[in-house]
Amino acid sequence: MTKRLILAALTALLFAPVAGAQVFHDLPGVVTTEAHEAEDQVFCEPQYIPAPENSTKRHWGRTVYNCTRGGVTSSGSYLPLSRERSLRGYDW
């Protein structure tokens, strides 16, 4: 009797209707994995600034890097640290 009861309970559990996973579309603030990875990418463009023509001192030209990450543009005389090296605590 107990074996039949256990088999009946297992059969009911195995063939019970399974609720499908809920899928949400167009939630605010939710982005795809590709879009999230694209936000972390850094795009840098070097720009050479020549020395002033009317300078009396001996100036050299310099290179400025214009970098964009996640829609924010910054400029500086050095490239930003690579993500892997900065996570390990190393300099450039």
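For reference, positions follow the sequence shown, starting with 1. Values in this document were obtained by computation on a predicted structure and should not be read as measured data.
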**Prompt:** Is the shortest heavy-atom distance from the side chain of Thr63 to the side chain of Gln47 under 4.5 Å?
**Reply:**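 Answer no - side chains too far apart.
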
**Request:** Heavy atoms only: give me the nearest Tyr78-Tyr65 pair and the separation to one decimal.
**Result:**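 Result for this residue pair: C-CD1, 3.9 Å.
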
**Asked** Between CG of Leu79 and SG of Cys44, what distance do you get to the nearest 0.5 Å?
**Response**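 Going from CG on Leu79 over to SG on Cys44, the span is 5.5 Å.
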
**Asked** For the atom pair OG1 (Thr68) and CD (Gln41), what is the distance rounded to the nearest 0.5 Å?
**Response**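 Spacing of OG1 (Thr68) from CD (Gln41) equals 12.0 Å.
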
**Request:** Inspect the surroundings of OH in Tyr48 and state if more than 12 heavy atoms from other residues, nucleotides or ligands are less than 6.0 Å away.
**Result:**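 Enclosed: over 12 neighbouring heavy atoms sit under 6.0 Å from OH of Tyr48.
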
